[in-house]
Amino acid sequence: MNKNIIVCGVGGQGIVLASRLLAAAAMAKGAPVLTTETIGMAQRGGSVFSHVRIGEGAYSPLVPKGEADLIIGFEPSEAVRNLPYLKKDGAVVVSARPVAPVAFALSGSRYDGSEAMEYLKKKVERLTAVDAERICGELGNFKALNVLLLGAAVKTGETFVSEEDLREAAIKTIPEKFLKLNLKALAYFDS
Amino acid sequence: MHKEFLTGNEAIALGALAAGVNVATGYPGTPSTEALETVAKRGGDSVYVEWSVNEKAAVEVAAGAALGGARTLVTMKQMGLNVASDPIMSLEYLGVKGGMVIMVADDPGPISSQTEQDTRVFAGFSKLPLFDPSSVREAYEITVEAFEYSEKYKTPVFLRPTTRICHGCAAIDVLDKDEYYVNKPEGFVRDPSKWVIFPKLSYENHIKIVDRNVKIADDFSSYKRNFIIPAQGKKGVAAHGISYAYARDALKNVSVPILKITTPYPFPEKLALKFLKGLDEVLCVEELDPAIERELIYVCGKYGLKTRIYGKLSGDVKKAGENSVESVYESLSEFLGLKKRKTVSFEDAPVLPTRPPTLCAGCPHRASFYAVKKAVEGRERVFCGDIGCYTLGNAEPLNMADSCLCMGAGINMARGIGLTNPDAVRFAFVGDSTFFASGITGAVNAFYNGANITLVVLDNFTTAMTGRQPHPGTGVTASGKKVKEVNAEKILKAIGLETVETVDPFELKKAIKVVRETASKPGVKAIIFKSPCAALTRPSGKCEIDPQKCRNCEICIKEIGCPAIIKGKNGVEIDPALCVGCGLCSEVCPFGAVKGGGGK
């Protein structure tokens, strides 16, 4: 089994950790994993992505367009931006919470991500929209967004790894003081 | 041997450790930075690790150790090579005793750089052998081999990963610590006939280098990382680096002869000749410059082959920017007559917001820029920017960079602009790490030659853009040792500047006053804005808008452009997920509508 996954959003949202957890969990199961990340200037509030390729046969860490099994979007517009990578019948998990760029506020217009959400609903059959505003509020911390979305992504069956695999990876990767919050976020969709 | 999930940079670091590296030096620069950090983290006491003041210093320290037989690693990004080129060009004429690997990370795109220069071409210019890995696994294994070649031929060698190798990750086999090679340096042995560069020595060694590189080219023809994947057909593909991986992905279901070039210099001519014989046409899939294309054209000419060579020079591969599986497939499908890839159109997608990189919420540079902007409002002015996070001060609404060239250039450029625009008030902004790297000489030059500029040092206690490495002003070394820090204020005073003011930019009113007074003085004068990078400190609370007082004038948005201030359903809001409570917005608000935060 091969899985191509794209994790995308805005710099500072914890995208690198999300892709590292996926990779660590897959690697623990003995699968070859290739990933690539955005680091450096683009991290400063820019559009960022990680590509994760799990399974035999891949040479480059970049997922070719039209071959992603799953897109995990941390922001509605960023999910739309990466749609060309999604394969036919691929799944999208998206946080509905918008992140407005400075340029938008300056231009005098308001950005709430609703157009992008509508577009995703129209285009993607297998769409999971996550009300991150409400859930992160409940969890008490926006920093758990990445693990929350992983918890939702597992349910699509496109992550190669199970929630238990991710939990084990999280325990090994995430510092003690943030672990409880993150494990709660990971299991949020269980009920 | 055990398996680890590593970035290319981490793999290079572990490769160097496995090869028994004794000394590792470098200067931070995306995408190279994590290599040296990993050597520091994983090397323990067995390795001397240094963040040098700049790349030139890094090469010089390593060169000294290499003459004594130490195995050395030097790390930098491609523009750092320009800074380091002085010692590298000369060192090649002396050679080294211990293996010396100079890792230069190229940045096709460019993603985080000013230029798209190709270090493969620099290898030919400097006559240093170069290794160009195409995967994380290769990056690890080639690092070990590069040390062996370096020692065998007594020459420094380049290791040249690109961004997708540096920041790509893979699970690879690496050696256990007890399997590492141990290198015991003999020590520097005095021999002026060997180690003192003079015209006569350079001439004699030049001949030896030319002959040696012919030998290395032969050696590289049987190096296992250069190879031919045989297949039927009269059309072949030559590729290198990450583009080789793209080509393999793109040709998943297509059988075509492939030449993989890991050492573009000295070029493995015999291997290339074997590949070219019997082929009518070859497409070179390259990123950045057409290095392999030129070599293959040369080989065809030299041996009278009729094979036609295509690539960037012939316009069959994109001229600039990063390659991708798609761009490589497009070139290959044209060349091989493959069918076009099916793509789904998303032309009906809504207009997506562009997200140019911006200064973080709570970044002290925002306050510094704003203070200068307010202080010179209404005056004719030129702001010379420099390399670092603060280059992002160019964006609206701050609009505080009128020029930016290369590390440390802003100070001298402000001087030069004064020669054509004497009536404009001129500022040069330089970050703390950049100031030490190459700003000090600019300050000396400007002062000594009678410039009239205001030098603004943006001191955030770290090298922020590359992920917060220490520099001489921080009092900490690469391995975390506490040392006596170098004081920028004392340096500027020692140069002779009469006015050197230090101020916290978040004390906005005071900061504006200091800028106004300082800029009105003659000659070179300096302001040091001191406040830690927002990523170094814990949030001092969150700011909130008081809806009773806010009149939605949006002055906060229009004046400072903080990413945490957004337009919500009911007017201006502060995003609690982003705000770190710096309080700059509360200083800007004319109605006192921002509460909370650590605002001063």
Side-chain angles (χ1 to χ4, degrees), chain A residues 10-12 19-20 23-24 26-27 31-47 57-67 77-78 80-81 83-84 86 88 97-106 108-112 115-116 118-119 122-123 136 142-143 145, chain B residues 3 5 7 30-31 34 111-112 135-136 164 167-171 242 244-250 252 324-326 329 341-344 346 348-350 352-360 389 391-392 395-397 465-467 554 557-558 561-563 565-569 575-578:
Chain A
V10 179
S19 68
R20 288 276 173 114
M27 196 186 136
V33 186
L34 296 176
T35 74
T36 184
E37 298 159 356
T38 318
I39 296 177
M41 189 184 226
Q43 275 180 300
R44 306 289 186 274
S47 300
Y59 283 90
S60 101
L62 286 175
V63 175
K65 283 190 179 145
E67 292 187 24
S77 290
E78 296 313 311
V80 172
R81 204 188 301 281
L83 276 183
L86 192 67
K88 203 168 170 285
R97 186 176 192 271
V99 178
V102 174
F104 237 76
L106 283 171
S109 45
R110 200 170 80 82
Y111 169 78
D112 63 5
E115 266 189 273
E118 286 310 313
Y119 187 75
K122 197 171 81 187
K123 287 280 172 179
C136 287
F142 287 100
K143 300 279 176 217
L145 175 66
Chain B
K3 223 178 207 37
F5 187 65
T7 64
T30 311
E34 301 81 13
I111 299 171
S112 300
S135 68
V136 172
R164 294 292 166 217
H167 292 162
C169 303
I242 193 70
Y244 167 76
Y246 297 151
R248 291 301 302 270
D249 274 342
K252 208 161 44 180
S324 62
V325 179
E326 291 80 29
Y329 188 88
R341 283 169 77 95
K342 267 185 276 172
T343 51
V344 184
F346 291 96
D348 56 338
L352 299 175
T354 54
R355 297 185 191 275
T358 44
L359 296 172
C360 303
C389 283
T391 314
L392 303 177
E396 294 292 351
M465 181 60 103
T466 46
E554 298 181 4
I557 290 176
K558 289 171 199 154
C562 173
I565 309 179
I566 52 173
K567 283 189 198 178
K569 287 191 192 87
D575 184 342
L578 289 175

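Since the model is a prediction, treat every value here as computed from it, not as a measurement. Only heavy atoms go into these numbers, but all of them, side chains included; no hydrogens, no water, no symmetry mates. Letters A, B, ... are given to chains in the order of the sequence lines, protein chains preceding strands, and every chain is numbered from 1.
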Taking all non-hydrogen atoms of both residues, which atom of [X] and which atom of [Y] are closest, and how far apart?
| X | Y | value |
| --- | --- | --- |
| G57(A) | D249(B) | O-OD1, 4.1 Å |
| K569(B) | R110(A) | N-NH1, 3.4 Å |
| V63(A) | E326(B) | O-OE2, 4.3 Å |
| A100(A) | R355(B) | C-NH1, 4.3 Å |
| P61(A) | R164(B) | CG-O, 4.1 Å |
| F142(A) | P576(B) | CE1-CG, 4.3 Å |

Would you mind checking which part of [X] comes under 4.5 Å of any heavy atom in chain A, side chain (CB onward), backbone (N, CA, C, O), both or neither?
| X | value |
| --- | --- |
| D348(B) | both |
| C562(B) | backbone |
| K252(B) | side chain |
| I557(B) | both |
| P563(B) | both |

Side chain, backbone, both or neither: which part of [X] has a heavy atom under 4.5 Å from chain B?
| X | result |
| --- | --- |
| K88(A) | neither |
| Y59(A) | both |
| P84(A) | both |
| E118(A) | neither |

Test side chain to side chain contact (heavy atoms under 4.5 Å, CB included) applied to F5(B) and T35(A), step by step: CA-CA 10 Å; F5(B) 187 65; T35(A) 74; 3.7 Å; yes

Donor-acceptor pair, side chain of R81(A) and main chain of P353(B), under 3.5 angstrom: yes

Rounded distance (nearest 0.5 Å) linking atom CG of L352(B) with atom CG of L83(A): 9.0 Å

For chain B, the option from E115(A), E78(A), K65(A) that forms the most heavy-atom pairs under 4.5 Å: K65(A)

Atom NZ of K143(A): over 12 foreign heavy atoms under 6.0 Å: no

